[in-house]
Structures are given as C-alpha cells and as structure tokens.
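For reference, positions follow the sequence shown, starting with 1. Keep in mind the model is a prediction, meaning the values are calculated, not measured. Counting starts at 1 for both ligands and their atoms, in listed order.
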Amino acid sequence: MSQHKVIYDTDPGVDDAMALVFQALHPDIALLGVTSVFGNGTIETTTRNARYLAAKFAPGTPVACGAAAPLRRAAPEPLASIHGDDGLGNIRPDTHAQTGSALDPRPAHRFIIETVRAQPGEVTLIAVGPLTNLALALAEDPRIATLVKQVVIMGGAFGTDGFLGNVTPAAEANILGDPDAADVVLGAAWPVTIVGLDVTQNTIMSTAYLASIRDRAGDAGRFVWDVSRHYEDFHRKSAQLAGIYVHDSSAVAYVLAPHLYTTRSGPVRVLTDGIATGMTIQKPATMPEPAPDWDSRPACKVCIRVDAPAMLSLYEKTLCGTL
Ligand code: BDR
Ligand code: CA
C-alpha cells in the first residue's frame, strides 16, 4: 500500500516523543514535516525538543516553529510535573551530543499550507497539541480544508466511561490549551477524526510492557523507557496507575489501523468560556432534534471504543521491527 504522507503537529512532550518514534519507525508513514506548538512546554522548549527528536529518529525531516500562545488568551504554564522541566521527562536533551534538525524558515502554519497545496488530497495532519497552528493555517488559506486528505486530532473527551477531562473536570489538555482554535478547527470542512480520552485512557502501556520494549527495541526502546520514567511516576501518583495512558500514539495508530477504533459521527462544538471551557460536545448524527449551534457544522468522527490490545501490539511490533 502507499504510504501515509504526514505532517505531525506536536508539543513534545513525552507522549508526543513516543508517537514520533512510532511514526518514524512504521514503514507505512512518510513524515513530511514536524510542526511545533506551545503546550506541554513553552514554544522554545517544544521546538527544541521537536528538532532533537527529528534529528535522532527522522533525520532530514523539516521542523517548523509554530504558535507561542493561543489565538486569544495567554499561554498556559508548562506542564513540568507531567512532562518534566525539559518537556521530555528530564532526560535533558540539550546535554546529548546530537544536534537538532535545522529549522525551516517558514512558520508552522505556512509550512502546513504550502505542503498541503503541493500535494493536494494526499496529506494527513496528525495534531497532538493545542490546535493553534491548524487554526492559523485555516485563517490564512481556508481552501486547504478541501485539499487535506484527513485531520486526526488527539484531544477532547466525550464522556465514554465517564471520561470528560484531565486538566479540569470538563476539559482535556490540548483542547483547553486553545479552545477558540479547537472550535474553529473542528468546524472546518475537512475530514476530522478525534482521538480523545474516551480511547486514550482505555489504552495503557504497563511498566512491564515498557520494559519489554526497552529490552527488545534497541536504541528506540531504550529511549522510550528513559523518556517515560517521569511520566510514569506522574501516572502512579495522580491515577494510581502502574503504567501510562497512551494519548498521542493513539492518533498515529488511528491513521495506520482505523479498524481498531469504533467512531461516532456528528458535529462537535467546544465551549470557549465559563467553568467548562474546553469541553467538547458532539451532537450524534442519529439525534433528530434541531440544535442550531451544531447543525450548520460538518460531522466529525469521534472515537468511542478501541481494541487496546491490538493497538499496543501495533506499537510494540513497530518498535521491535516485527511487523
Ligand atoms: C494530551 O495533553 C498533553 O499533555 C499530551 O501530550 C497529550 O497530547 C493529553 O491530554
Ligand atoms: Ca501532545
């Protein structure tokens, strides 16, 4: 089969890094570029990390620097307690000998526009941070919505198994990072799939699973183990979990193996003010009642179920080279 041509929009981030390794090592993905955005760290930190990761795992892949703050609000504080002071679980990437990839001269949103326009109908956007770069790209060139193959977003939470938020009772981190951008991106006329907490918190890499990858997947496996120590510690303290939720790699898995996910179709809105800011609400396509705030918008696919063992097996086989 032909490869998926991917632009990876990311705020690395421990799980962002693990998802980049996944994409770099899977033979069905051609990584056209990595675009950074604020989120798990400042834009300086996430861009430095994106350049470090690209140089280490996907040499030659362009990296473009994106938004430093949301469209209409102040940048959130970096999530050091989750992702470490360096955004990569305190592995201190700047002390490693490897230098980062060169930075593309274009801002991330223009890199996205020009790459999509150069290959109409072929580019998949995988977005796993706040959606600011995608909203800026749409604002500058709305036609790209019709030229993208698909947009796969890690973000949001729709209440399956009671999952509604991870940074507030009502909001997931990427959507809360820029709710205004998220409402624009989820309302645009491009094919969007949302991979939210409904499935990512039902997919768990246990300590034993990560140790097995460490021991069998060479440098990549060792890296995945090292980068996830601080993150696993956070999960142990905050959720009494002997392992980690699989957020950003689930968006990659959806691109590679959509049959592992059950989706529900319908337009989605994002609340942009009030105590539930960042909440994502879908009107299922099967609901007959009129809902004017949803009805004029295109349907998104929301993932509500996952075959978690199969997803974990896909990641493991990709890293171990046993696909
Ligand atoms: C999302 O938030 C970030 O902290 C992670 O990298 C992931 O993209 C999970 O809510
Ligand atoms: Ca992320």
Asker: Using only atom types and a distance under 3.5 Å, with no angle test, would you say the side chain of D104 pairs donor to acceptor with the backbone of R106?
Answerer: yes

Asker: Could you say whether the N/O atoms of D16 and ligand 1 ever approach to under 3.5 Å?
Answerer: yes

Asker: Please check if atom CD in Q240 has more than 12 non-hydrogen atoms from other residues, nucleotides or ligands closer than 6.0 Å.
Answerer: yes

Asker: Are R297 and D183 ion-paired here, with the side-chain N under 4.0 Å from a carboxylate O?
Answerer: yes

Asker: Provide the number and element of each atom of ligand 1 under 4.0 Å from a heavy atom of H83.
Answerer: 4 (O), 6 (O)

Asker: Applying a 4.0 Å heavy-atom criterion (strictly less than), which segment of N166 is in contact with ligand 1: side chain, backbone, both, or neither?
Answerer: side chain

Asker: Polar-atom distance check: M154 versus ligand 1, any N or O pair below 3.5 Å?
Answerer: no

Asker: Considering only distance and modelled atom types, tabulate donor-acceptor pairs under 3.5 Å from the side chains of residues 142-154, sequence neighbours left out.
Answerer:
from: R143; atom 1: NH1; to: T146; atom 2: OG1; distance (Å): 3.4
from: T146; atom 1: OG1; to: R143; atom 2: O; distance (Å): 2.8

Asker: Going by ring pair (Phe, Tyr, Trp, His ring centres under 6.0 Å), name the pairs with one or both residues in residues 10-31, residues two or more places apart or in two chains.
Answerer: F22-Y315

Asker: In ligand 1, which numbered atoms sit nearer than 4.0 Å to a non-hydrogen atom of N174?
Answerer: 1 (C), 2 (O), 3 (C), 7 (C), 8 (O)

Asker: Verify ring pair (Phe, Tyr, Trp, His ring centres under 6.0 Å) between Y231 and H235, making sure each step is shown before the conclusion.
Answerer: CA-CA 6 Å; Y231 196 58; H235 283 74; 4.6 Å; yes

Asker: Looking only at protein heavy atoms, which one is nearest to atom 8 (O) of ligand 1, and what is the separation?
Answerer: D248 OD1, 2.5 Å

Asker: Which atoms of ligand 1 sit under 4.0 Å from any heavy atom of N40?
Answerer: 3 (C), 4 (O), 5 (C), 6 (O)

Asker: Can you tell me the protein heavy atom closest to atom 6 (O) of ligand 1 and the distance?
Answerer: D15 OD1, 2.6 Å

Asker: Extract all donor-acceptor atom pairs below 3.5 Å that involve side chains of residues 284-295 and protein atoms in other chains or at least two apart in sequence.
Answerer:
from: W294; atom 1: NE1; to: I281; atom 2: O; distance (Å): 2.9
from: D295; atom 1: OD1; to: K283; atom 2: NZ; distance (Å): 2.7
from: D295; atom 1: OD2; to: A291; atom 2: N; distance (Å): 2.7

Asker: Verify, without hydrogens or angle tests, whether Q282 (side chain) and G266 (backbone) share a donor-acceptor contact under 3.5 angstrom.
Answerer: yes

Asker: Under a 3.5 Å cutoff, is there a donor and acceptor pairing between the side chains of T42 and T45?
Answerer: yes

Asker: Using 4.0 Å as the upper bound for N to carboxylate O, is an ion pair formed by E232 and R229?
Answerer: yes

Asker: A173 heavy atoms, cut-off 4.0 Å: which ligand 1 atoms fall inside?
Answerer: 2 (O), 10 (O)

Asker: Give me the protein N, O or S atoms that fall under 3.0 Å of the Ca ion (ligand 2), sorted by chain and residue number.
Answerer: D11 OD1, D16 OD1, D16 OD2, V128 O, D248 OD2

Asker: Does any N or O of ligand 1 fall below 3.5 Å from an N or O anywhere on E172, backbone included?
Answerer: yes

Asker: Answer yes or no: is there a donor N or O on one side and an acceptor on the other, between the side chain of Q119 and the main chain of K5, under 3.5 Å?
Answerer: no

